[in-house]
Amino acid sequence: MAESYDFRAVERKWQDRWEREGLYRAREDASREKYYVLEMLPYPSGDLHVGHAKNYALGDAIARTMRMLGYNVVHPMGWDAFGLPAENAAIARGIDPATWTAENIRNMQRQVRLMGTSYDWSREVATCEPEYYRWNQWLFLRLYEKGLAYKREAPVNWCPRDRTVLANEQVIDGRCWRCDSLVERRNLSQWFLKITDYADRLLADLERLDGWPERTKTMQRNWIGRSEGAQLRWQIEGSDASFETFTTRIDTLYGATFVVLAPEHPAVDAIKTIVSKKNAAAIDAFALSLKSKSELERTSLMEKEGIFTGAYAINPLSHEHVPVWIANYVLADYGTGAVQGVPAHDERDFEFAKKHALPIAKVIVPKGGDPAEPLEAPYTGEGRLIASADFSGMASERARGAIVERLHAMGLGRKAVNLRLRDWLVSRQRYWGTPIPIVYCERCGEVPLTDEALPVLLPPGVHFTGEGSPLAQLASFVETSCPRCGGAARRETDTMDTFFESSWYYLRYLDAHGESAPWRRERSDYWMNVDQYIGGAEHAVLHLLYSRFFYKVFADSGWVSGSDEPFERLFHQGMVLYNGEKMSKSRGNVIGIDETAATNGVDAMRLFLLYVTPPEDTSDWTDEGISGRVRFVNRVWRACEPFFERAGAVPIRELPPLETADEKALVRALHVALKSTIDEATTRRFHFNTTVAKFDELVNAMTAAAANMPHSLATLYAAHALPVAIAPFAPHIAEELWERFGHATSVHLERYIAPDERALAVDEITLVVQVNGKIRARIPALPGISEEDAAAMALQHDHVRAHVEGKAIRKRIYVQDKLLNVVVS
RNA sequence: GGGGAAGUGGCGGAAUGGCAGACGCAGCCGCCUCAAAAGCGGCCGAGGCAACUCAUGUGGGUUCGACUCCCACCUUCCCUACCA
């Protein structure tokens, strides 16, 4: 009696053996073409669910296919191990963050192995290990030397719950990206990385990233937010003080009827000294009312609130005196923190002017019709200028150039480029991160540590109260000596944003245990770039922008050669729902790796995740759906089982004799599946859902063959070839079948079987015959049939004749072996 | 407000200019069985006895031919937003 397939024992057996034999270890080999496939490094949060599994099933299928196609594949894995959850666990439950993190890593690593993934574990890194973060510190010092890391006081985002500052990229809708608290603005002295120096290149080089999704590139473009315009200086009437405005529409300057400053603008202090006590008090009250408001409340207020300061500013060209306002909608840290108000030509200015009864009808760029008519709505388009002194008559475009030129000659303005992108705030007032390698000396001030002093280790024995920066409270850490003068000094107690670590980890994988440098050039020269990067779209402006920035710095420094972009091709996988709902611990509907591996098996899980949708789409995990793949795995076993003793002798690198139609169809189904695997992997479409469907058809054919032609060489051939064909998707059953067929070496060391044109060819085609584009007949024919023969056959067909007879044939369209269209009238 | 993606059977989806609905799930029928499960085989968009007709969100267009390309609209999802 046949034994049934015991997936638990088989999966266990092969995972252990692969591990023992180091089957997936990658080594540099200049004679072979390399392929670097990488999935975004995970945060060790505790447990893997099928959402993670989808990502790894996809990456692993790609890695295994490319390996079997002969590429030297590197497929590493590691842990983004610093970060707040570990520290919050420490506060809540008194567990050492290092212990908590190590336990999670151990568990998740076990689960990743349980998936039967082909990672090279000799390259594993955890970013919280000193051997990793010392290079973080090393890189920080290099950035510091280049002037790309600097400390300055600035208004920053402060999360009151997490008690730390956040980068702009980590504030979502005015809320903390981790805990959802409303973010406050605080003036603090903080460390920044000068990503704005690279804004132009980060923007321009997006054009070259052909292998990136368009939407991701668009998001980066919008995030960088480069706009070209002009900056000009306004003198405040009755004061020495002045301020600058930025505008993209300098052509409408003659239409300015007011100007607006941000309440925090430095010029507001000067204004308070020249206006009445009453006005000054009102300014203070208005500023205070905003200060107590969160960023979200302030920016999502659709009402434009503002007050007149009592002061006037002088339009540098028209010399008109216009009132100076302060308002909530002008942001201190965008542009110059001051704007010109041109109600006739700007939606927002129009709305503000209407609300506060400011003059509106100052049309500079008429839309057409009578410019004297009262304005219903602002005209924001371009046109020919009026009422603009000697610029009148010019088109908007030309006027912008001419006006900037005039202002420049007067020393009051210039062309300017404004960015939305801010420098990257990288310091955090938390413990579980890389200490910043800087000390503060009473005599020398801010002093970087020397390379020999690295790593600055995170001290153990810290007391977590949730109050204040933990490192700052530890005197033994803080008190040190100055590397320059030897005098007393205090250490920087901030740690780095964890995005610092993840901006270069893909390089550390290539030299994971190197002790002389973060990575050696000869390693990166061989392996970089990442050929295929796979991860969620939520990192579009965080990790993916920071990594590009770092890599450009590395390229400029000569630490890597070739391209200055790290990720050749990028793929965003979709998320996984359960019965149409988002999985979450609170809902209690999380499908964990452990439970599904135990009940369904890992091969079935991997197949299902690839099969249910194209990988970029959202997939829905259902119990019925997974049971379909469990059935499939069992059918694969049953289709091969009768041939364990016999199939191993039939060669799989040459076609068997194909005598009957069934034999041809069976072998063809195999080669169609082989071709699909290779096509999806190498065209980088990764729609393995269609590939798995081809395997369904193959196994259907094999099931019939096992019953109807158990002695055919074609049947034995297909059975013997199946484990090789399916190895990238169901690695365990593939390996077990391969062994049962009598092989002593791993199926995963086999070359993939090349699809054979003779096997793919068909003996008979169905010729579709259309008359005027409507299908009138389907005629069986021989492949390669000529147009003349096809037409002759078609016209013999009753249905075709009925539609053609008595009409003139105007045209014939013939698609070889597919279709004939007869056009009549 | 701006940007992006997508709309195909009961469901997930396939077809990217040439036979719409591959493959799976669910459902129905049969075989096997004392019976059930499993397994195996068959049916499975709508209308029609049928030959056939209709059908890929809506309306137009391009084409011999459109799920596929173009334009407009509707709907859904995602991202982003007082950006000067």
Side-chain angles (χ1 to χ4, degrees), chain A residues 4 172-173 213-219 221-223 225-227 229 231 245-249 259-260 262 298-305 327-331 333-342 346-349 351-352 418-420 537-538 540-541 572 574-575 580 607-608 611-614 616-629 631-632 634-635 638 685 687 689-700 703-704 707 765-775 777-778 798-799 802 810-825:
Chain A
S4 66
I172 312 208
D173 274 344
E214 205 49 51
R215 62 175 166 143
T216 306
K217 291 191 280 185
T218 303
M219 280 169 75
R221 272 185 208 108
N222 291 343
W223 189 261
R226 186 179 193 276
S227 56
Q231 216 157 294
T245 55
F246 172 80
T247 178
T248 53
R249 291 298 303 273
V259 291
V260 189
R298 182 168 158 184
T299 55
S300 66
L301 277 176
M302 292 317 286
E303 280 301 305
K304 285 169 184 39
E305 299 295 344
N328 57 354
Y329 73 88
V330 178
L331 307 174
D333 57 0
Y334 184 77
T336 57
V339 297
Q340 60 179 25
V342 185
D346 183 277
E347 299 273 0
R348 206 185 31 201
D349 295 346
E351 201 186 315
F352 189 74
N418 195 41
L419 293 175
R420 211 188 85 108
E538 67 274 16
V541 290
H572 293 308
M575 58 179 186
L607 286 163
F608 178 68
Y611 181 64
V612 65
T613 41
E616 65 272 26
D617 290 358
T618 299
S619 6
D620 194 12
W621 183 279
T622 60
D623 298 337
E624 296 80 21
I626 181 67
S627 70
R629 290 304 98 190
R631 272 201 282 276
F632 170 78
N634 288 328
R635 296 187 81 208
R638 278 197 305 273
R685 194 174 77 132
H687 283 201
N689 53 322
T690 60
T691 304
V692 177
K694 307 281 191 252
F695 276 102
D696 272 330
E697 293 187 69
L698 171 60
V699 173
N700 286 344
T703 301
I765 54 129
T766 303
L767 188 70
V768 175
V769 182
Q770 297 181 332
V771 179
N772 285 351
K774 282 209 182 293
I775 295 161
R778 298 183 172 92
D798 289 349
H799 290 155
R810 288 255 169 272
K811 202 173 172 183
R812 244 174 20 201
I813 284 106
Y814 182 58
V815 181
Q816 183 68 50
D817 289 354
K818 275 192 175 161
L819 172 136
L820 178 76
N821 187 11
V822 184
V823 184
V824 298
S825 65

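Chain naming here is simple, since letters A, B, ... match the order of the sequence lines and numbering starts at 1 in each.
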RNA chain B nearest-nucleotide lookup for A:Glu214 and A:Val339: closer to the 5′ end is A:Glu214
Residues that A:Arg778 engages under side chain to side chain contact (heavy atoms under 4.5 Å, CB included), provided they are two or more places apart: A:Thr766, A:Ile775
Expressed in whole Å, how much space separates the P atoms belonging to B:rC67 and B:rG59? 13 Å
Shortest non-hydrogen contact from A:Thr622 to A:Phe608? N-CZ, 4.1 Å
Test of understanding: with side chain to side chain contact (heavy atoms under 4.5 Å, CB included), list the residues that count as partners of A:Asp696, not counting sequence neighbours. A:Tyr611, A:Arg629, A:Phe632
Expressed as a whole number of Å, how far does the C1' atom of B:rA6 sit from that of B:rU56? 14 Å
Could you tell me the separation between the CD atom of A:Glu616 and the P atom of B:rG13, rounded to a whole number of Å? 11 Å
For the P atoms, the ones on B:rC32 and on B:rA26, what distance do you get once it is rounded to whole angstrom? 24 Å
Does B:rG9 sit syn or anti, given that only angles within 90° of 0 count as syn? syn
Mind checking the P distance from B:rG47 to B:rG10? Whole angstroms is fine. 11 Å
What does the B/S/- profile of nucleotides 16-29 of chain B look like, 5' to 3', with a 4.0 Å heavy-atom cutoff to protein? --BBS-BBBSS---
Specify the separation, in whole Å, of atom CE of A:Met575 and atom P of B:rC77. 12 Å
Would you mind telling me which residue lines up with the more 5' stretch of RNA chain B, A:Ala704 or A:Thr248, judged by nearest nucleotide? A:Ala704
Just to verify, what does A:Arg810 make a side chain to side chain contact (heavy atoms under 4.5 Å, CB included) with, not counting sequence neighbours? A:Ala808, A:Val823, A:Ser825
Using the P atoms only, state how far B:rU58 lies from B:rG7, rounded to an integer number of Å. 13 Å
Under 3.5 Å, is there a donor-acceptor pair between the side chain of A:Asn821 and the main chain of A:Gly773? yes
Would you mind reading off the distance between A:Asn222 atom CG and B:rC78 atom P, rounded to a whole angstrom? 18 Å
Would one find a side-chain N or O of A:His799 under 4.0 angstrom from OP1 or OP2 of B:rC52? yes
Can you tell me, in whole Å, how much space there is between the P of B:rA15 and that of B:rU63? 28 Å
Roughly how many Å apart are B:rG18 and B:rC23, using the C1' atom of each and rounding to a whole number? 22 Å
Could you tell me the separation between the CD atom of A:Glu347 and the P atom of B:rG1, rounded to a whole number of Å? 11 Å
Need one value for A:Pro213: base, sugar-phosphate or nothing, where a base atom within 4.0 Å counts as base even if backbone is also close, heavy atoms only. nothing
Whole-Å distance separating the CZ atom of A:Arg215 from the C1' atom of B:rA6: 11 Å
Rounded to the nearest Å, what distance is computed from the CG atom of residue A:Asn772 to the P atom of nucleotide B:rC64? 11 Å
Whether A:Arg420 contacts B:rA81 is assessed here as follows: a side-chain N or O lying under 4.0 Å from the phosphate OP1 or OP2. Is that the case? yes
In RNA chain B, consecutive runs of at least three Watson-Crick or G-U pairs below 3.5 Å, as range with range, amount to B:1-7 with B:74-80, B:10-12 with B:23-25, B:27-31 with B:39-43, B:45-47 with B:52-54, B:57-61 with B:69-73
List the steps, then state whether side-chain contact (heavy atoms from CB on, under 4.5 Å) holds for A:Val342 with A:Arg249. CA-CA 10 Å; A:Val342 185; A:Arg249 291 298 303 273; over 6 Å; no
Any chance you could lay out the side chain to side chain donor-acceptor pair (under 3.5 Å) test for A:Asn222 and A:Arg420, step after step, and finish with the verdict? CA-CA 8 Å; A:Asn222 291 343; A:Arg420 211 188 85 108; over 6 Å; no
Could you state the atom-to-atom distance from CD of A:Glu351 to C1' of B:rA84 in whole Å? 14 Å
OG1-CG distance between A:Thr703 and A:Leu698, expressed to the nearest 0.5 angstrom: 9.0 Å
Given atom CH2 of A:Trp223 and atom C1' of B:rG4, what is their separation to the nearest angstrom? 17 Å
If the P atom of B:rU16 is compared with that of B:rA22, how far apart are they to the nearest Å? 15 Å
Residues two or more places apart in sequence or in another chain: which of them pass side chain to side chain contact (heavy atoms under 4.5 Å, CB included) with A:Ala777? A:Val769, A:Ile779, A:His797, A:Val800
Taking only Lys NZ, Arg NE, NH1 and NH2, and the carboxylate oxygens of Asp or Glu, determine whether A:Lys217 and A:Glu214 approach each other closer than 4.0 Å. yes
Output for pair (A:Asp617 CG, A:Met575 CE), nearest 0.5 Å, gives 11.5 Å
